[in-house]
Number of protein chains: 2
Amino acid sequence: MLNYGARELIQAGTLPLPMDEDIAELLRHATLGPVSFHPANAMIYAQGEAAGPLYYVEFGTVRVCQMAPDGRRQIAAFYSAGQVFGFEPDDVHLFYAESVDGAGIRSLRPKMQEGAAGEVLKVALRGLIAIQSHLMMTVRLGAAERLAVFLLDMMERQGSEDSVALQMQRTDIGDYLGLTFETVSRVFRVLKDGGLINLPTPDRVKVISKEGLERFCAV
Amino acid sequence: MLNYGARELIQAGTLPLPMDEDIAELLRHATLGPVSFHPANAMIYAQGEAAGPLYYVEFGTVRVCQMAPDGRRQIAAFYSAGQVFGFEPDDVHLFYAESVDGAGIRSLRPKMQEGAAGEVLKVALRGLIAIQSHLMMTVRLGAAERLAVFLLDMMERQGSEDSVALQMQRTDIGDYLGLTFETVSRVFRVLKDGGLINLPTPDRVKVISKEGLERFCAV
DNA sequence: CGACCAATTGAATTGATTCAAGGTCCGTGG
DNA sequence: CCACGGACCTTGAATCAATTCAATTGGTCG
């Protein structure tokens, strides 16, 4: 369901994929602010703050996270150029957003009088589903499987068949996958020793066997 | 946000709470089928099957799950009397639903021509958010914390201040919390030895210190 | 060159799982 | 009525995966 109104537009995916058509449609019914630059690790909005506009990523990468009272951080999603974030189901932000690597962000205010509500909902729902299926895979998979899924998603997002640029550091990957950064590092080594990937530099992954990665995560 | 249209009606909660107003409104714009009885463990709809109507729980408990190819099962949510389930973001069921303990179910077909789409979306979104925040807590909490959160949620759902009736067995609780049934059993013992709960019977939990349980899961 | 930050690696520890018995409750049939 | 069988729950011991703690390496920028 949801085939009652929002239908076929929603597709599960582990990472929020760029969904050009819907976003384009959303942009058409919205006023975009100017590009503001957020240096690495700068906060975009805070947990607990009143939810305001949406945000459109012009360049760079953004992480949307939740902080537990014990200090542990869970990253719900990464957003990169062309994607929209800032949806939250409440008037107050339950999550906070930060620039990962220096990002250009525009505020995006849907023109409600033009009936943009439907467009907003579509994009919002897709985002929710993406986060949900990411969490679903996270709870049941082991460390190596999680990283394999992550790499395959990144390849798809970046439109590459054999390499991934990691815009975020190990700690971010860990908090996204529910692992420590040491475990992420160790798993990279396991995949490398297994001949599935290469790490020419810490922030670039050369995928040698996509099939090998896929074999891990048969979901 | 989603404060564009679906707003304040959506509230995060770990378990889908009965949301009388919204559900009542949804029922008003829908045709309800007769009550059909599903004995314990009977399937209500299958994974992969075309998504059809929604379902309203008259009595009993229902579990909505996903099966991984390796045979591991993840329960996304439990639904009990007065709740609606069967929402899925696709034309095809990504999840399957079963009766837990013998449940009476009515099919529920929204009357789209009467503009029921909005009502459906509200209820659907709340369900998604509930599942999401449940998964969010699952990934980062330890076994005892997960069970504490679960018990507190059950208390709230059942409107009790000091006891919980467990309609489901240990395996179900385990698959819901991402634990094995042995671990669930062991954690019950730990909580009991810690003086936080009592287990007069395996399916009834007497909560001695709600504060003690809450101290665990400060989220 | 030195300082700093990220990443890697190792060793010990923890937490949950797996495998393997028992124990309890309940319904059925002798 | 009691014995038996089966389903579920509990408990224990060994194992395994990931974390924690502790260096060490590598790269980058003053």
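Naming: A, B, ... by sequence-line order, numbering from 1 per chain. Just so it is clear, the values below take in all heavy atoms, side chains as well, and ignore hydrogens, waters and symmetry mates.
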CA sep, side-chain torsions, deciding dist, call: A:R204, A:S163, side-chain hydrogen bond (donor to acceptor under 3.5 Å, both in side chains): CA-CA 7 Å; A:R204 175 149 290 277; A:S163 83; 3.1 Å; yes
Round to the nearest Å and state the distance from A:D203 atom CG to C:dT8 atom P. 10 Å
Pairwise side-chain contact, A:N198 with A:K192, heavy-atom cut-off 4.5 Å (strictly under): yes
Show your working on side-chain hydrogen bond (donor to acceptor under 3.5 Å, both in side chains) between A:Q83 and A:R157 and close with a plain yes or no. CA-CA 11 Å; A:Q83 297 189 298; A:R157 273 174 74 146; 3.1 Å; yes
Specify the separation, in whole Å, of atom CZ of B:R73 and atom C1' of C:dT17. 17 Å
Could you tell me how the ring of B:F78 sits relative to the ring of B:Y176: parallel (under 30°), tilted (30 to 60°) or perpendicular (over 60°)? tilted
At under 4.0 Å between heavy atoms, which parts of nucleotides 6-25 of chain D does protein reach? Answer with one letter per nucleotide, 5' to 3': B base, S sugar-phosphate only, - none. --SSBBBB----SBBB----
A:R63 with A:D101: basic N within carboxylate O range, under 4.0 Å: no
